[in-house]
Novice: 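Right, I'll just put the structure down here and ask away after.
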Amino acid sequence: MEKNIPPWELTMGESPLVAFAIHSGHTLRSEIAASIGIDEDTRHREEDPYTDQWTVAAPTTVIVNQSRFEVDLNRPRDKAVYIKPEDAWGLDVWQQEPDEALVEHSRQTWDLFYQDMKNILSAIERTHGRFVVLDFHSYNHMRDGSKGKPADEKENPVIN
C-alpha cells in the first residue's frame, strides 16, 4: 500500500478568503486504479475538472488532485468511498467490491484532509477573526456523455 501523502495543494494567502476545488482531481492510487470498474471518460465526466482554475478568486487555495472515485471529500467519512452503484449515480465503480483495507486507506485520507483543513482554517480565524470558504464545483449537464442529449434544463439548472 502506498504511503498516505496529502493529495492536495495548499497556497496560503494574506486574507480570510479561501477557495476550494475538492473534486478537480483525476489521480488514483495504483491499487485503486487497478480495481476501478469505470473508464477514464466516465470518471472525468463525474469529476469537476478545471474547477481548480476558479480558485484564483481567493488568495488562499486548496486544490485536491485526487479523484472523488478514490475518496469524496464532500461526503461524510462513512460515505466518502463509493461502494455500491447508488453511491455514485448508478455507476459500477469497482470491478469487484473493494476490500476493507483499501477503503480504510481512502478514509484515512479523508481524516488527514479534515485535520489539515481544521488547522488551516483555525489559523486563518486566529489571524482574521473569521474566514469565508468558496467551494467550487461544476455541474454535469451531459451525464450521458458528449454524444448524448443534455440534461433537461427544467430539472437541471445551468447554475446552482
Side-chain angles (χ1 to χ4, degrees), residues 1-10 18-55 57-58 61-121 132-160:
M1 196 173 287
E2 295 167 27
K3 192 174 182 180
N4 218 0
I5 298 170
W8 52 85
E9 300 169 32
L10 168 68
V18 185
F20 282 79
I22 65 170
H23 291 152
S24 179
H26 190 68
T27 303
L28 295 171
R29 291 190 330 262
S30 59
E31 63 193 286
I32 301 276
S35 303
I36 205 86
I38 54 176
D39 61 44
E40 289 275 322
D41 288 341
T42 301
R43 277 185 42 223
H44 200 253
R45 187 170 55 248
E46 297 300 339
E47 294 161 339
D48 289 351
Y50 313 113
T51 53
D52 57 316
Q53 295 176 21
W54 298 342
T55 63
T61 64
V62 178
I63 299 170
V64 177
N65 297 313
Q66 189 171 40
S67 174
R68 71 188 312 167
F69 287 98
E70 183 168 332
V71 60
D72 189 333
L73 297 170
N74 227 28
R75 293 191 180 186
R77 186 185 197 276
D78 65 327
K79 299 287 186 189
V81 179
Y82 310 146
I83 304 294
K84 297 181 170 82
E86 55 267 23
D87 299 335
W89 315 279
L91 298 172
D92 278 321
V93 173
W94 304 99
Q95 294 173 24
Q96 60 188 23
E97 190 167 315
D99 65 37
E100 187 55 36
L102 186 135
V103 171
E104 184 55 29
H105 187 146
S106 293
R107 288 181 177 150
Q108 288 172 2
T109 300
W110 188 97
D111 295 339
L112 183 60
F113 177 80
Y114 278 95
Q115 184 59 54
D116 279 1
M117 295 310 109
K118 179 181 178 183
N119 293 340
I120 290 161
L121 294 174
V132 175
V133 170
L134 303 173
D135 185 13
F136 291 113
H137 296 268
S138 61
Y139 183 76
N140 182 356
H141 72 286
M142 298 295 289
R143 206 165 284 287
D144 293 329
S146 61
K147 294 183 175 39
K149 291 178 68 175
D152 181 2
E153 287 184 28
K154 291 178 185 170
E155 296 177 17
N156 300 282
V158 175
I159 297 175
N160 290 344

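Note that the coordinates shown come from a computational prediction; the quantities given were computed from them, not determined experimentally.
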Novice: Before giving the answer on side-chain contact (heavy atoms from CB on, under 4.5 Å), spell out for R75 and D87 the whole-Å C-alpha distance, their side-chain angles and the decisive distance to 0.1 Å.
Specialist: CA-CA 11 Å; R75 293 191 180 186; D87 299 335; 4.3 Å; yes

Novice: If you draw a 6.0 Å radius around OH in Y114, do more than 12 non-hydrogen atoms from other residues or ligands fall strictly inside?
Specialist: yes

Novice: Give a yes or no answer on whether the side chain of D116 reaches the backbone of F113 with a donor-acceptor pair at less than 3.5 Å.
Specialist: no

Novice: State plainly whether the residues R77 and D111 are in salt-bridge range, i.e. N to O under 4.0 Å.
Specialist: yes

Novice: Considering only heavy atoms from C-beta outward, does the side chain of P7 approach that of T109 to under 4.5 Å?
Specialist: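 Yes - at least one pair of side-chain heavy atoms lies under 4.5 Å apart.
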
Novice: Are E70 and R29 within salt-bridge range, i.e. N to O under 4.0 Å?
Specialist: yes

Novice: For the side chain to side chain donor-acceptor pair (under 3.5 Å) test, which of D72, N74, D135 pairs with H23?
Specialist: D72

Novice: Could you state the interatomic distance from CG (D39) to CG (L91), rounded to the nearest 0.5 Å?
Specialist: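 Atom-to-atom, D39:CG and L91:CG are 9.5 Å apart.
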
Novice: Specify the closest pair of heavy atoms between I36 and F69, including all atoms of both residues, with the distance to one decimal.
Specialist: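 Scanning both residues, the minimum pair turns out to be CD1-CB, 4.2 Å.
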
Novice: Is Q96 atom CD crowded by more than 12 heavy atoms from other residues, nucleotides or ligands, each under 6.0 Å away?
Specialist: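 It does not: Q96 CD has 12 such atoms or fewer within range.
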
Novice: Where do D92 and I38 come nearest, in terms of heavy atoms and distance?
Specialist: O-CG2, 3.3 Å

Novice: Donor-acceptor pair, distance only, cut-off 3.5 Å: does the side chain of S67 make one with the backbone of L28?
Specialist: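 Such a contact is absent between S67 side chain and L28 backbone.
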
Novice: If you round to the nearest 0.5 Å, how far is CD1 of I63 from CG of L10?
Specialist: 10.0 Å

Novice: Would you find a donor on one side and an acceptor on the other, under 3.5 Å apart, between the side chain of Q66 and the backbone of T27?
Specialist: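 Judged by distance alone, no pair lies under 3.5 Å.
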
Novice: Go through the steps for R68 and D48 under the test side-chain contact (heavy atoms from CB on, under 4.5 Å), then give the verdict.
Specialist: CA-CA 9 Å; R68 71 188 312 167; D48 289 351; 4.0 Å; yes

Novice: Keeping the roles fixed (side chain from S24, backbone from A21), state whether a donor-acceptor pair exists under 3.5 Å.
Specialist: no

Novice: Got V18 and T61 here, is their nearest side-chain heavy-atom distance under 4.5 Å?
Specialist: no

Novice: Are the side chain of W110 and the backbone of D78 linked by a donor-acceptor contact shorter than 3.5 Å?
Specialist: no

Novice: Are F20 and W8 an aromatic pair by the rule of ring centers under 6.0 Å?
Specialist: no

Novice: Is the closest side-chain heavy-atom distance between P49 and H26 below 4.5 Å?
Specialist: no

Novice: CD/E46 to CG/D41 distance, rounded to the nearest 0.5 angstrom?
Specialist: 11.5 Å

Novice: Would you mind reporting whether V81 and W94 have side-chain heavy atoms less than 4.5 Å apart?
Specialist: yes

Novice: Quick one: CD on Q53 to OG1 on T55, what's the gap to the nearest 0.5 Å?
Specialist: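 Nearest 0.5 Å value for the CD-OG1 distance: 9.0 Å.
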
Novice: Check this for me: does any side-chain nitrogen of one of K84 and E86 sit under 4.0 Å from a carboxylate oxygen of the other?
Specialist: no

